[in-house]
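Notes to accompany the following structure.
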There are 4 protein chains.
Amino acid sequence: MSNHGALKTPQLCYDFGVKEGQKILLYGKREFLVEYRPGKEIHTHLGKIILKEGLNYGDLLRSSTGAEFVVLKPSLADLMKDVRRKTTIIYPKDAGIMLLEAGVASGSFVGEAGTGSGALTLLLSRVVGREGKVVSFEVREEFIALALENLRQSPFRNYEIIKRDVIREGFGEFKFDALFIDLPEPWQAVPWAKKAIIPGGAWVSLSPNMEQMKKTVLTLREEGFLRIRSFEVLRREMVVRSFGVRPREVMHSHTGYITVARRGR
Amino acid sequence: MSNHGALKTPQLCYDFGVKEGQKILLYGKREFLVEYRPGKEIHTHLGKIILKEGLNYGDLLRSSTGAEFVVLKPSLADLMKDVRRKTTIIYPKDAGIMLLEAGVASGSFVGEAGTGSGALTLLLSRVVGREGKVVSFEVREEFIALALENLRQSPFRNYEIIKRDVIREGFGEFKFDALFIDLPEPWQAVPWAKKAIIPGGAWVSLSPNMEQMKKTVLTLREEGFLRIRSFEVLRREMVVRSFGVRPREVMHSHTGYITVARRGR
Amino acid sequence: MSNHGALKTPQLCYDFGVKEGQKILLYGKREFLVEYRPGKEIHTHLGKIILKEGLNYGDLLRSSTGAEFVVLKPSLADLMKDVRRKTTIIYPKDAGIMLLEAGVASGSFVGEAGTGSGALTLLLSRVVGREGKVVSFEVREEFIALALENLRQSPFRNYEIIKRDVIREGFGEFKFDALFIDLPEPWQAVPWAKKAIIPGGAWVSLSPNMEQMKKTVLTLREEGFLRIRSFEVLRREMVVRSFGVRPREVMHSHTGYITVARRGR
Amino acid sequence: MSNHGALKTPQLCYDFGVKEGQKILLYGKREFLVEYRPGKEIHTHLGKIILKEGLNYGDLLRSSTGAEFVVLKPSLADLMKDVRRKTTIIYPKDAGIMLLEAGVASGSFVGEAGTGSGALTLLLSRVVGREGKVVSFEVREEFIALALENLRQSPFRNYEIIKRDVIREGFGEFKFDALFIDLPEPWQAVPWAKKAIIPGGAWVSLSPNMEQMKKTVLTLREEGFLRIRSFEVLRREMVVRSFGVRPREVMHSHTGYITVARRGR
């Protein structure tokens, strides 16, 4: 029944000791996402929480006022939300489908422009893993520093941030499996992208306004890209109580239009 | 500007020769997703297409009637759609956010029940990569064979399918970072899942009906799971023409409700 | 408890005899919307149905093959869908909110351009009633004939169709409580509309594309209209079975963007 | 071109003098919906506004700080929102389609349970007009008083509120064209409704939770109602600027599930 002998023995090799510098999610009546340092004190309106030495995921901590918190490992979605935002945010609902439509997986070689706060860069780094690579382009010095700070949450050192205005200078000699564009005028990157994506490789961009999306699609068509599609993704939270289930009353309705395409020949 | 010396030289090591047995996407007026074998003939209503030896991604093929097709690498989304469906389908719009909310990335150790056609298994295999592992449980023999066939599209041999009725027998000694449940009565798997997920690890399930989702959420609460959330994801395609942009008139509106939670202590 | 003496006696004055020329809905395994004439024969794939003399709403008819049909009065929504379509359709989901946002009720004086098949005209006629009036403008002869035919389903003779190209000639001396615009280039009607709506009266237009809606909104702003809002309305059907409730899988996702505004001074 | 001689002369008979006791909408940087009394002073954070004698719709008023306000007639949608809310609110997006699906128009004879704040009663009163009637049932004294107060905004005295618990006592001898149910347990009203709706007449109910809607649908089926459909309506506001169009970021996503059905024989 199995195709892989080495897996037949149950895996017991997991490790849930928290390492210094890693982000942890303190989950109780409220949630706090904090960086772990042994002995660190977290001051909240629910009292002071001390991060003991030798902290493990799943540990229960009690604040000075008696409030209980479980130590959780933040998900990719949590880490992306945490990334300090000075730019447009990429939401998990969008990022997930962007990865899948672009075919990004373990081992992919991926480009990105611009880096911004590094939220998407962090996700890409974690998904492409040790055998993959992420090259991200950003023109604004302060964002490079911020992104590198945020990227410390990746367990992999598989990323590079290059200071460059890709609209004016392009992507150099790189040939990416997939290229993610988060720039205000994505259409200006299309001619450069054509050279920087392998034949059949993926273009992915995200823009809040209809006009940006339209101009991007029309430019991709002109430049011979294939299989061009634009769409938006809506996430609708549900309220679940024993006496009644319904969608939540208020919803975050719009982030942006995603455009995906394939480089032709 | 770079944090990783080895990346400073542009990457030129990409390979776009198609390997025998890999799926390729023939993209022209219509799309065909076929398995590559040198010399193979594809018969379509647009004529016969011959897959030449030494095929490369990006190659242009011409059918016997003169129709042109570009050879593209299918994305994860394409491969998932292709997986021969005998069970509920998992759509890319759902699968992407499920990965992110579960924190699955390169190196994760992931469980799944049931395997079905292997669409999600294939995705998980490609995302967790060489250093990760996927253990999938399925009780129906015929699906195991089908899934193993479909899993040949993964470049990694990091998966195992175990024939077992997890509702009755549980997950054995495994301890997963994340566990994906695609069963008609997910709530029955909750007590077993509690033992098979590491503290703080993720539960993810998908159910078409509200009642299934409700019962799952209530059971997760009873069993002490944390951060339980249910939601649905809608994907809205856009029609983009130079004279007019609008959402497509008909949309695939519902697939299922996703429930994510974290194991407590 | 009552504010209106005359209503204290229960109403028994309803009439459910079907009048010749009225549309009826034959509801069984399938639905048929047909015009009533005594003795008329309806030929369906479920057999022949004879519309007997003295037909009443609620009657049960049996076809020649034994299939049963109940005689129902079509709703405004049914009648609108039935109106023979040669133009853009206005859906009940859109029409309902358009009425409310425009403040149209019994007694309103309403304008419309263009008439098209008369679906919205019919609705307006039925809502404004005996004390209200609808003036509809249409430039294409063949649509005027079609609309007048469809308007026979209204119990009121409170409408007029005027053959005129309002983009070139405007609305004459009329002063409407509300003006409904269903033209390909609604923005061209804005300067005329300003003269044809009473101060504070409502503009309502519907356009499938974002660009049309944008141009309309910008023109309304330039011309001093107030309280300008654009939105779209989505209707999501539910599947309800004793074992499971969920949204229907496929949904009609887009019809158009509704723009409402008020004339300023 | 016209089917109705009397309409050939342009209508000049509109009246935009505001009557004492009517609600007006003061539209400027902010909106205020107030009741008109000549000489009344409105105190706002933008200064004091005096409602002069002989006020007309379209008049421009200036506050004590110089802020400008146009006097607008509130739409049905505005009035419904204004109705003092102590109960579930019915939103225009829902109310509009409810009217159309129920076939309510000028002259209809309509029932409602319960009255609540009278928001829907007000709408129904204005739509059925002088030749129609609305009978609304409410068991809680304080709501009857509130609703009668709110109903003063209707130009018609075509409504009656009856104090009665319809779940226990039913609707008496009334036979309605359409019956609107806004009760926490709508299914309990189904057997009574069957007697109080004319054959082929419409049932309309609105419930926030899935379980309520489901139980209502299953009970309607048991009791022989026809053409039973449940759906929800979403309204998505657009942001329109000269440099960019997009959906508004936050949206009111859920109010309730609407269920419509027809009485069978």
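Order of the sequence lines fixes the chain letters, A, B, ..., with proteins taken first and strands second; residue numbering starts at 1 for each chain.
Put simply, the side chain of D/P247 does not reach to within 4.5 Å of the side chain of C/E232, judged on heavy atoms. D/L99 has its side chain out of reach of C/L99: every pair of non-hydrogen atoms, C-beta onward, lies at least 4.5 Å apart. With contacts defined as side-chain heavy-atom distances shorter than 4.5 Å, the pair C/R221/D/V240 qualifies. A heavy-atom distance below 4.5 Å is not found between the side chains of C/M238 and D/V217.
For D/E31, the part lying near chain C is the side chain, with the backbone staying farther off; criterion is any non-hydrogen pair under 4.5 Å. At a 4.5 Å heavy-atom cutoff, the contact between D/Y257 and chain C is made by side-chain atoms alone. Heavy atoms closer than 4.5 Å to chain D are found in both the backbone and the side chain of C/L226. If you measure heavy-atom distances from C/P155 to chain D, you find no contacts under 4.5 Å at all. Proximity to chain C (any heavy atom under 4.5 Å) is shown, for D/M98, by neither the backbone nor the side chain. With a 4.5 Å cut-off on non-hydrogen atoms, C/L123 touches chain D through its side chain but not through its backbone. Looking at C/R227, the atoms closer than 4.5 Å to chain D (heavy atoms on both sides) sit in the backbone and in the side chain alike. Using a 4.5 Å cut-off between heavy atoms, D/L218 contacts chain C through its side chain alone, with no backbone atom that close. If you measure heavy-atom distances from C/R262 to chain D, the contacts under 4.5 Å come from the side chain alone. There is no contact between D/L151 and chain C, counting heavy-atom distances below 4.5 Å. In this structure, no portion of C/F171 lies under 4.5 Å from any heavy atom of chain D. Both the backbone and the side chain of D/V233 have a heavy atom closer than 4.5 Å to some heavy atom of chain C. Using a 4.5 Å cut-off between heavy atoms, C/I258 does not touch chain D at all. If you measure heavy-atom distances from C/D94 to chain D, you find no contacts under 4.5 Å at all. Proximity to chain D (any heavy atom under 4.5 Å) is restricted, for C/V104, to the backbone atoms N, CA, C and O. With a 4.5 Å cut-off on non-hydrogen atoms, D/F156 touches chain C through its side chain but not through its backbone. Only the side chain of D/R229 has a heavy atom closer than 4.5 Å to any heavy atom of chain C.
Your options are C/G107, C/S125, C/S242, and the one with the most heavy-atom pairs under 4.5 Å with chain D is C/S242. Listed options D/G200, D/A102, D/A105 were ranked by heavy-atom pairs under 4.5 angstrom with chain C; first place goes to D/A105. When the candidates C/R126, C/R235, C/E211 are compared by the number of heavy-atom contacts under 4.5 Å with chain D, C/R235 comes out ahead. The choice from D/V239, D/D78, D/V260 that makes the most heavy-atom pairs within less than 4.5 Å of chain C is D/D78. Comparing D/G103, D/S75, D/G96, D/G129 by heavy-atom pairs within less than 4.5 Å of chain C, the highest count is held by D/S75. Listed options C/V70, C/I228, C/L60, C/T259 were ranked by heavy-atom pairs under 4.5 angstrom with chain D; first place goes to C/L60. Of the listed residues (C/K215, C/R248, C/M213, C/R263), the greatest number of heavy-atom pairs within a distance under 4.5 Å of chain D belongs to C/M213.
Other residues, nucleotides and ligands contribute over 12 non-hydrogen atoms within 6.0 Å of the CZ atom of C/R241.
Of all heavy-atom pairs spanning C/P92 and D/I97, the tightest one is C-CD1, 3.6 Å. Of all heavy-atom pairs spanning D/P199 and C/G58, the tightest one is CB-CA, 3.6 Å.
C/R130 is linked by a salt bridge (Lys or Arg N to Asp or Glu O under 4.0 Å) to D/E131, counting only residues two or more places apart in sequence or in another chain. Remark: C/R246 pairs with no residue by the salt bridge (Lys or Arg N to Asp or Glu O under 4.0 Å) rule, at least two apart or across chains.
The main-chain N or O of D/G201 is never found under 3.5 Å from a side-chain atom of C/K73 such that the two would form a donor-acceptor pair.
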